[in-house]
Amino acid sequence: ILVQKRTYGLLIRKKNIMNKNKIISKLLNKNDVLNYFKFFPYYLSSSFFAFITDAILYSFLRPIYGIIFSSIVAFLGGTTILFVILKFTNKSRIRSKSKGYLLQVLIGIGSLFINIFTLFLIDILAKIYFRESFQVNSMYSLSSKIISGSFGFIWSSFFTSKFNFSHLKR
């Protein structure tokens, strides 16, 4: 009986590993990766304008309102600009504009969490390194936003190409 329980435990572990592999293979299949590289130039140009909007809003709001509120307002501004540009230039995978925008916001929330985490990490490291002379200003805010935005970019571009917009032109 003891041998059967151990075997059963191994079967459960193998089944869990196989389920994880299925999830990863669904997210990263060959067609999705190829479509991502075809979509990337369109996303890059669209996200440039979205990032400019995001960075300007964040760098002006951050010294007054702090990281979280500034990040959320800047994120919503940037996401709206990105969605509008992609809606006019690329073929949408979702017919409804409101559902497409909601999906874009949900994709962007992952990027927002990455941004906020990175911004807090940069602040902690800057406070440790600069100690007494550390001050938050618009230039520091813009620089930290550029660094943190780079980390969220791949997340949002991949999932936007997979679920929301095609590389095909309208």
Side-chain angles (χ1 to χ4, degrees), residues 23-24 27-28 32-94 97-167 169-170:
I23 292 170
I24 291 171
L27 288 176
L28 294 173
D32 289 336
V33 173
L34 291 174
N35 287 334
Y36 173 72
F37 285 115
K38 290 177 185 175
F39 176 75
F40 187 77
Y42 304 114
Y43 187 84
L44 187 62
S45 60
S46 302
S47 68
F48 173 76
F49 294 108
F51 184 75
I52 294 296
T53 303
D54 189 317
I56 289 171
L57 285 172
Y58 179 78
S59 62
F60 286 114
L61 295 175
R62 165 65 167 96
I64 301 165
Y65 297 109
I67 289 176
I68 294 178
F69 179 78
S70 302
S71 294
I72 291 170
V73 170
F75 157 72
L76 290 173
T79 299
T80 302
I81 295 294
L82 177 68
F83 181 78
V84 168
I85 293 171
L86 287 174
K87 190 71 176 168
F88 284 116
T89 58
N90 290 68
K91 185 177 177 189
S92 179
R93 296 183 191 273
I94 300 172
K97 290 178 188 175
S98 59
K99 288 180 183 175
Y101 181 70
L102 177 64
L103 179 60
Q104 193 64 44
V105 168
L106 292 174
I107 290 169
I109 286 173
S111 182
L112 178 65
F113 285 133
I114 292 168
N115 277 312
I116 291 173
F117 173 77
T118 307
L119 289 167
F120 274 116
L121 184 63
I122 291 170
D123 268 8
I124 290 168
L125 294 174
K127 286 176 185 174
I128 290 170
Y129 184 75
F130 294 111
R131 297 182 194 247
E132 303 297 322
S133 64
F134 177 73
Q135 286 185 340
V136 174
N137 60 30
S138 293
M139 266 326 268
Y140 167 78
S141 299
L142 179 62
S143 302
S144 62
K145 184 64 178 172
I146 289 170
I147 294 168
S148 69
S150 302
F151 288 102
F153 179 79
I154 293 174
W155 166 277
S156 59
S157 62
F158 178 76
F159 285 106
T160 297
S161 72
K162 181 167 177 64
F163 296 115
N164 212 1
F165 288 98
S166 169
H167 66 279
K169 299 295 271 176
R170 266 189 123 191

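When each of Leu103, Ile107, Asn90 is paired with Thr160, the side chain to side chain contact (heavy atoms under 4.5 Å, CB included) condition holds for Ile107 and for no other.
Ring to ring, Phe158 and Tyr43 are not that close: their centroids are 6.0 angstrom or more apart. Under the 6.0 Å cut-off for aromatic ring centres, Tyr36 and Phe40 qualify, their centroids lying closer than that.
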For Phe83 and Phe165, what are the C-alpha separation, side-chain angles and deciding distance, and is it a ring pair (Phe, Tyr, Trp, His ring centres under 6.0 Å)?
CA-CA 9 Å; Phe83 181 78; Phe165 288 98; 5.7 Å; yes

In sequence, state the C-alpha distance, the side-chain angles, and the governing distance for Tyr58 and Ile67, and then conclude on side-chain contact (heavy atoms from CB on, under 4.5 Å).
CA-CA 8 Å; Tyr58 179 78; Ile67 289 176; 3.8 Å; yes

Hey, mind stepping through Ile116 and Ser71 against side-chain contact (heavy atoms from CB on, under 4.5 Å) and telling me if it holds?
CA-CA 7 Å; Ile116 291 173; Ser71 294; 3.8 Å; yes

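Asn35 places none of its side-chain heavy atoms less than 4.5 Å from the side chain of Ser161.
By the neighbour-count criterion of 12 heavy atoms within 6.0 Å, atom CD1 of Ile154 is sparsely surrounded, having that number or fewer from other residues, nucleotides or ligands. Counting heavy atoms of neighbouring residues, nucleotides and ligands inside a 6.0 Å radius, atom OH of Tyr140 exceeds 12 of them.
Remark: the Thr80 side chain and the Tyr101 side chain contain an N/O donor-acceptor pair separated by less than 3.5 Å.
Shortest non-hydrogen contact noted between Asn137 and Pro63 is C-CG, 4.2 Å. Taking each heavy atom of Ile146 and Phe51 in turn, the nearest pair found is CA-CZ, 3.6 Å.
For Ser70 (side chain) and Arg62 (main-chain N/O), a donor-acceptor pair under 3.5 Å exists by modelled atom type.
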